[in-house]
There are 2 protein chains.
Amino acid sequence: MTIRLVKAFLKPIQKEDVLNISGGKRGRITIHEVASAAGVSISTASKALNDTGRMGAETRERVKRIAGEIGYRPNALARGLLSKRSFTVGLLTNDTYGRFTLPVMAGISDALVDHGVSVFLCAIEDDPALAQIHVDAMLDKQVDGIIATGKRLDRRLPVDLSNLHVPVVYAFTEGTQNSVTFRSDDEQGARLAVEWLATIGRRRIAHITGPEDFFSVRERAGAYHQVAGHREPVLYGVWSENWGHEAVEQLWERPGEKPDALFCGNDQIARGAVDALRERGVKVPQDVSVIGFDNWEIVAAQTRPPLTTVDMELKELGRQAGLTVLALAEGRPVEPGVRKLPCRLVVRRSCGGRTPEE
Amino acid sequence: MTIRLVKAFLKPIQKEDVLNISGGKRGRITIHEVASAAGVSISTASKALNDTGRMGAETRERVKRIAGEIGYRPNALARGLLSKRSFTVGLLTNDTYGRFTLPVMAGISDALVDHGVSVFLCAIEDDPALAQIHVDAMLDKQVDGIIATGKRLDRRLPVDLSNLHVPVVYAFTEGTQNSVTFRSDDEQGARLAVEWLATIGRRRIAHITGPEDFFSVRERAGAYHQVAGHREPVLYGVWSENWGHEAVEQLWERPGEKPDALFCGNDQIARGAVDALRERGVKVPQDVSVIGFDNWEIVAAQTRPPLTTVDMELKELGRQAGLTVLALAEGRPVEPGVRKLPCRLVVRRSCGGRTPEE
DNA sequence: ATTGCATGAGAAAACCTTTTCTCACTTGAC
DNA sequence: GTCAAGTGAGAAAAGGTTTTCTCATGCAAT
């Protein structure tokens, strides 16, 4: 101890040390300050703080304590320059409204914040030039990886990410050959919905959904046919409340028995349908059960009655995408392929049959 | 020219050059490769690319051309280490749904992408500990500045940003003493709405709005009183469709003349009101004009009829916040204070009186 | 012929960390 | 009393870029 103190005392005090310690210099506190405050060399300080190298337990503790006291935080730029890790990932999306991106983003951030990783969000609006600019900017900043996400499972982002020298993971958007892609299991989700309707005793289940060229639409319709049979028609349309409204008009104008349940392709359609039913004097859920898809709180929870719906677990999807891109960045092996994540049924009031959980 | 070529030829070829040029090394192309490919020193290459220093025009062109050919892009980490600029800003928000954050983010990104600046998005969910973690992570990454945004003009983020050594700008959230804050001019926006109703001939304008403890609510109600007088009541409630619905019930159950216009505190309330009116057989916009606030497309455009509403120009707000934080980061002086940005009236069908512009 | 100056380009330091290598010193064994 | 091994800590290099300083060359002026 004495020896060390003497050493520290004898160490020539450099001009910049004084300036820094006295707070005269504008910049942040560097490891340099820690070292000179603790009376050790920069190398020793670094090793003490990172729990590497050999040194006396007492020295290590002292350095750590002093670093804490003077509020030292390592400069991530300098660290990244050497380690080739920036502790940064980029999230690329063409989903302007954030309907799908925000939950995915929340999951990514949630999974990565513990690892000290921050997320660049880049909204590219389907503009290839803008997308390229953002990708280049991210690469310049040495992102550890890129996660691509979108508003549609069966469309690519308007930029090629296949030959980057950083790992790329796709979440809720079409990936490339040999990539890792996370998506919701729409078939399973649809089955969940239709089976629930069957469980609560509905037999004449109609399906009102979006445009047939959407992959999700075909998957959901496929599961619907499988579970419900072909007793009721599938009505393809667009993703709007108006279409839900109109589809109900169509169904109820037809001669013959009316459906006793509607499985809707998304919550907006479901909401339009519920409104149309109310206007016709058809009671939801007493006369007809309605179930949506997406669990878009802002629509599902505000509908009267609140919608029972299928949640695609986008946050979990984001979380897994985040952990995967991190694994790749750290060189851990990851099996390429498409991973389907299960959906979850959220029961509210629009189907009846059970008291809501929430 | 000859001399330079000879020099380039004579320059000893270093092992690492060969590896890099041949693509054998994993890393990116550095200025080192550019320099040796062009037969100049690193310093000259740097100066050529940055249009600084003295050198022959021909040398400069050659370096630039070669850099382009081999796809050189400077490492932002290395550059930032020296320049103290990371070309990165952080956006901190507690608005989970992204209703306000996404447009603000779009504006920021839009304004800064031309300057090579990328944006970290950090959603902090009103959790002070999480907020601190994110702020620390951003500071470690040497962000050039932080923009704080939220879901409410009169609330602070649960973290103190007042003594950071990077510039902070507040957008759509309460700032600190001596800071720069951007917010919408809700008073002007409300006046716009009520004056529009007056212009199209409405005289009995009621105001259905959110909780009175919101600053925006009081500002909007103030403007409403100023323009419309006190002939109709102000109904305070919550920000939901249900409340809009219920408020209409209340108004129409009262004895006496009914309002011929409703100025609603947000689009959700407006939507609930429109629904309630339809259910009562009151025609919108023939019998009653309804106007909303927020221009939340997903609500306003899907209402039947689509809502005339007030847009807070959040994207523009984000743009200005972005440019301001950039100015501060570059050391340009910025006057502190609160800047109110004007709102814009978006005319759709729910008021009548004019053919919609869109 | 010498000096002075402008021009073009390179060497080296700086930014902040981490990591490898080296060195001095202590201890235990012979 | 010498040697080997082990221990604690520092010197230096590396990472990619920018910037300042220095140097060499050629030319015009004395």
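Everything numeric here is computed off the predicted structure, so don't read it as measured data. Labels below follow one simple rule: chain letters A, B, ... track the order of the sequence lines, proteins then strands, and each chain is numbered from 1.
- Between the side chain of B:R62 and the backbone N or O of B:G39, no donor-acceptor pair lies under 3.5 Å.
- If B:N50 and A:M55 are placed on DNA chain D by their nearest nucleotide, the residue sitting closer to the 5' end is A:M55.
- Residue B:K47 has its side chain nearest to D:dT20 when only D:dT20, D:dA9, C:dT17 are considered.
- Taking atom NZ of B:K141 as the reference point, atom P of C:dC16 lies 18 Å away to the nearest angstrom.
- Counting to the nearest Å, the C1' atom of D:dT19 and the NZ atom of B:K84 are 14 Å from each other.
- B:L77 places its CG atom 14 Å from the C1' atom of C:dT18, with the value rounded to the nearest Å.
- A:I42 comes within contact range of at least one nucleobase, with a heavy-atom separation under 4.0 Å.
- No option in B:L326, B:L328, B:I147, B:L161 other than B:L328 meets the side chain to side chain contact (heavy atoms under 4.5 Å, CB included) test with B:P167.
- Below the 3.5 angstrom threshold, one finds no donor paired with an acceptor across the side chain of B:S43 and the base of C:dA9.
- Of the candidates D:dG10, C:dT17, C:dC15, the closest approach to any side-chain atom of B:L81 belongs to C:dC15.
- Separation of the A:F120 and B:F120 ring centroids falls under the 6.0 Å cut-off.
- Remark: A:S46 is not in phosphate contact with C:dT17, judged by side-chain N or O atoms under 4.0 Å from OP1 or OP2.
- Rounded to whole angstrom, the span from the CZ atom of A:R54 across to the C1' atom of D:dG10 amounts to 12 Å.
- Projected onto DNA chain C by closest heavy-atom contact, A:Y72 and B:A57 fall at different nucleotides, the more 5' of which corresponds to B:A57.
- Listed for the A:K141 side chain is a donor-acceptor partner under 3.5 Å among the backbone atoms of B:F87.
- In this model, the phosphate group of C:dG10 is approached by a side-chain N or O of B:T44 to a distance below 4.0 Å at OP1 or OP2.
- Nearest-nucleotide mapping onto DNA chain D: of B:G53 and B:N75, the residue sitting toward the 5' end is B:N75.
- In this structure, B:S41 does not reach the C:dA11 phosphate: none of its side-chain N or O atoms is under 4.0 Å from OP1 or OP2.
- Looking at heavy-atom distances under 4.0 Å, A:R79 makes contact with sugar-phosphate atoms alone, never a base.
- Between the P atom of C:dC16 and the CD atom of A:E33 lies a distance of 8 Å, rounded to the nearest Å.
- Rounded to an integer number of Å, the gap from B:F87 CZ to D:dT18 P is 10 Å.
- Inter-residue side-chain proximity for A:L121 and A:T101 is flagged as met; some heavy-atom pair is nearer than 4.5 Å.
- Protein atom CD of B:E58 is 13 Å distant from nucleotide atom C1' of C:dA9, rounded to whole Å.
- For the pair B:L82 CG and D:dA14 C1', the computed distance is 16 Å after rounding to whole Å.
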